2 protein chains.
Amino acid sequence: MQNTRGPLKSGQRPGGRSLRVQEAVHAAVVALIDELGREGVTVPRVAARAGVTPSTIYRRWSDIATLVSDVARRNLRTDCPVKPCGRLSEDLPAWAEMYQDEMDSTPGRAMVRDVLRGWDGRQKACPLLDAVRPSIALICDASVEPVNFDVEAVIDAVVAPLLTRIIFTDAPLPSTLARDAAVAFVERHSLNAGRSGCSQRHGVRT
Amino acid sequence: MQNTRGPLKSGQRPGGRSLRVQEAVHAAVVALIDELGREGVTVPRVAARAGVTPSTIYRRWSDIATLVSDVARRNLRTDCPVKPCGRLSEDLPAWAEMYQDEMDSTPGRAMVRDVLRGWDGRQKACPLLDAVRPSIALICDASVEPVNFDVEAVIDAVVAPLLTRIIFTDAPLPSTLARDAAVAFVERHSLNAGRSGCSQRHGVRT
DNA sequence: CGTTTAAAGCAAATAATTTGCGTTAGAGGA
DNA sequence: TCCTCTAACGCAAATTATTTGCTTTAAACG
């Protein structure tokens with residue numbers, strides 16, 4: 001909720017006791033999910049484990065779904081562990097593959113589910129994509145060639161199909177789904193980059 | 001005399017009283033959402049309005065989110081109101097545009113939100129895409145040309161970017177987002193179909 | 001029709017959430 | 001450093017939601 005960096009806004013108390021409470025509550029949620037499963041996690045139980053009163057939790061997070069959603073988001077690694085080499089045709093597929101591994105794992109799927117269930121629509125938007133844009137932007141920035149597409153296009157072509165399947169289907173995903181999508185995307189955009197290379201082979205998606 | 005395990009051949013009682021209760025409850029949910037908004041809809045209130053006891057609702061649907069999700073799904077039109085003319089380059093974009101209008105409306109977004117919030121992950125999959133596949137299949141079946149892609153590819157290229165934006169972003173969508181995606185998709189696949197018709201004009205609207 | 005039993009009703013018990021008010025401890029200024 | 005202000009917490013009572021054991025009703029089938 002609060003940011004830990006930058007100038008303090010008046011009327012906010014991000015540090016000290018508030019921070020300790022937040023950390024204790026988050027830790028309690030993680031522990032209880034591990035012990036009892038998602039269904040066994042209730043506000044009173046989290047409060048007892050964290051050593052705070054239920055009303056504290058109800059006032060900061062409004063309900064269990066929001067709290068679990070909050071925890072799920074924080075526990076997902078949001079950084080981009082790929083070191084771009086500068087060639088999009090390598091960097092983007094590599095990142096896509098890693099991203100799929102991350103999201104299509106048991107904890108990844110659980111995280112997506114929890115985040116969605118805690119999204120109440122009053123907030124501006126479901127915050128799942130926020131973790132993704134910086135990674136893509138970093139790869140694009142590192143490209144030695146000019147980039148003729150934007151981050152949203154990558155999301156449409158690579159991230160969207162992946163998330164859609166994770167959310168809306170049960171079947172295990174083809175392991176190279178995101179990678180293949182990324183390869184096809186890069187190829188398509190290098191074709192469009194000026195030369196009319198229509199005779200080149202296209203990557204057919206599955 | 002009791003039977004051993006499966007007493008009734010059907011084992012379900014979809015008609016009669018059960019049906020009346022279901023209809024009354026669904027109607028109560030719709031009415032209460034209209035009167036109080038989603039936040040004001042609680043199980044006891046729905047029960048009172050529908051003339052049933054709360055325990056009935058808790059036993060059939062396990063909680064409010066599941067119930068609202070159920071109602072939201074049923075109230076979404078699932079049929080394909082597009083009459084395919086047989087040409088994919090017309091049918092698919094036309095359907096895509098209609099689908100976007102449907103989903104990116106206020107009630108459509110609310111429906112998506114409610115369905116996701118009611119999805120508990122115990123069910124096999126979130127049932128939002130089930131309404132879409134038959135429509136796409138119908139269009140493909142009506143095509144006079146051979147179809148060299150499957151329904152899932154259309155979902156990846158057209159439906160996934162749309163749903164992803166609806167779920168994960170707040171900004172209003174470009175009105176031709178899905179249509180453009182459909183046009184690009186059909187074009188890509190007709191290029192792959194054998195002829196190298198790269199010089200053809202494309203019907204991209206601006 | 002009679003039998004069977006899934007689904008509904010009822011009510012008591014339990015669990016959760018909300019709320020009013022007093023207390024504590026950080027942030028910012030003197 | 002100390003003082004002040006107040007956001008955030010604790011506590012407990014009130015309210016509301018959910019579960020549960022048992023009874024009753026009526027749909028499906030012979």
Side-chain angles (χ1 to χ4, degrees), chain A residues 1-29 32-33 36-70 117-118 120 122, chain B residues 1-29 32-33 36-70 117-118 120 122:
Chain A
M1 211 169 202
Q2 298 88 345
N3 64 336
T4 48
R5 320 240 175 259
L8 264 183
K9 290 170 184 173
S10 73
Q12 295 288 89
R13 293 185 178 180
R17 183 168 64 163
S18 292
L19 186 64
R20 284 199 304 277
V21 165
Q22 195 206 45
E23 285 170 349
V25 168
H26 278 198
V29 169
L32 286 175
I33 286 181
L36 308 171
R38 170 67 182 81
E39 298 305 309
V41 180
T42 65
V43 170
R45 270 202 270 254
V46 171
R49 171 68 65 102
V52 301
T53 51
S55 60
T56 294
I57 294 181
Y58 286 118
R59 281 196 251 246
R60 270 182 77 159
W61 300 271
S62 57
D63 54 28
I64 255 292
T66 305
L67 171 57
V68 172
S69 174
D70 194 35
R117 281 170 57 76
D120 63 358
R122 283 171 301 195
Chain B
M1 203 61 187
Q2 295 94 330
N3 308 14
T4 49
R5 259 311 174 116
L8 276 178
K9 188 177 170 185
S10 60
Q12 295 288 84
R13 294 187 178 180
R17 184 168 63 164
S18 291
L19 185 64
R20 283 198 303 277
V21 165
Q22 196 207 47
E23 285 170 348
V25 168
H26 278 197
V29 169
L32 286 175
I33 286 181
L36 309 172
R38 170 67 183 81
E39 299 305 308
V41 180
T42 65
V43 170
R45 268 204 271 254
V46 171
R49 171 68 66 103
V52 301
T53 50
S55 60
T56 294
I57 294 180
Y58 286 118
R59 282 197 248 248
R60 271 184 75 158
W61 300 271
S62 58
D63 54 30
I64 238 326
T66 305
L67 171 57
V68 172
S69 173
D70 194 35
R117 280 171 57 76
D120 63 358
R122 283 171 300 194

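Naming convention: chains lettered A, B, ... in sequence-line order (proteins, then strands); numbering from 1 in each chain. Because only heavy atoms are used, hydrogens play no part in the values below, and waters and symmetry mates are left out as well, while side chains stay in. For clarity, every value in this text was computed on a predicted model and none was experimentally measured.
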Grab the N/O contacts between the protein and nucleotides 14-16 of chain C below 3.5 Å, and write none if there aren't any.
| residue | atom | partner | partner atom | Å |
| --- | --- | --- | --- | --- |
| dA16(C) | O3' | Tyr58(A) | OH | 2.9 |

Say whether, by atom type as modelled, one donor and one acceptor occur between the side chain of Arg117(B) and the main chain of Val68(B) under 3.5 angstrom. no

Sequence neighbours excluded, which residues qualify as salt bridge (Lys or Arg N to Asp or Glu O under 4.0 Å) partners of Arg38(A)? Asp114(A)

Rounded off to whole Å, could you give me the [atom1]-to-[atom2] distance for the [X] and [N] pair?
X        : N       : atom1 : atom2 : answer
Arg17(B) : dA26(D) : CZ    : P     : 6 Å
Ile57(A) : dG10(D) : CD1   : C1'   : 13 Å
Glu39(A) : dT18(D) : CD    : C1'   : 15 Å
Trp61(B) : dA17(D) : CH2   : P     : 18 Å
Leu19(B) : dA7(C)  : CG    : C1'   : 13 Å
Gln22(A) : dG26(C) : CD    : P     : 15 Å

Thr53(A) vs dG10(D): side-chain N/O to OP1/OP2 distance below 4.0 Å: yes

Regarding the side chain of Val52(A), the nearest nucleotide among dG10(D), dG9(C), dC9(D) is dG10(D)

Any N/O donor-acceptor pair, Ser55(B) side-chain to dC10(C) base, under 3.5 Å: yes

Report yes or no: is there a donor-acceptor pair, N or O only, under 3.5 Å between the side chain of Arg59(B) and the base of dG21(D)? yes

Is there a donor in the side chain of Ser69(A) and an acceptor in the side chain of Thr66(A), or the other way round, less than 3.5 Å apart? no

Could you grab the distance from atom CD1 of Ile57(B) to atom OG1 of Thr42(B), nearest 0.5 Å is fine? 9.0 Å

Any chance you could lay out the side chain to side chain contact (heavy atoms under 4.5 Å, CB included) test for Arg60(A) and Leu67(A), step after step, and finish with the verdict? CA-CA 9 Å; Arg60(A) 270 182 77 159; Leu67(A) 171 57; over 6 Å; no

Set out, in order, the CA-CA distance, both residues' side-chain angles and the distance that settles side chain to side chain contact (heavy atoms under 4.5 Å, CB included) for Val46(A) and Val41(A), then state yes or no. CA-CA 7 Å; Val46(A) 171; Val41(A) 180; 3.6 Å; yes

Taking side chain to side chain donor-acceptor pair (under 3.5 Å) as the test, write out the residues that go with Arg49(A), two or more places apart. Glu35(A)

Does Ile64(A) or Arg20(A) map to a spot on DNA chain C nearer the 5' end, using the closest nucleotide for each? Ile64(A)

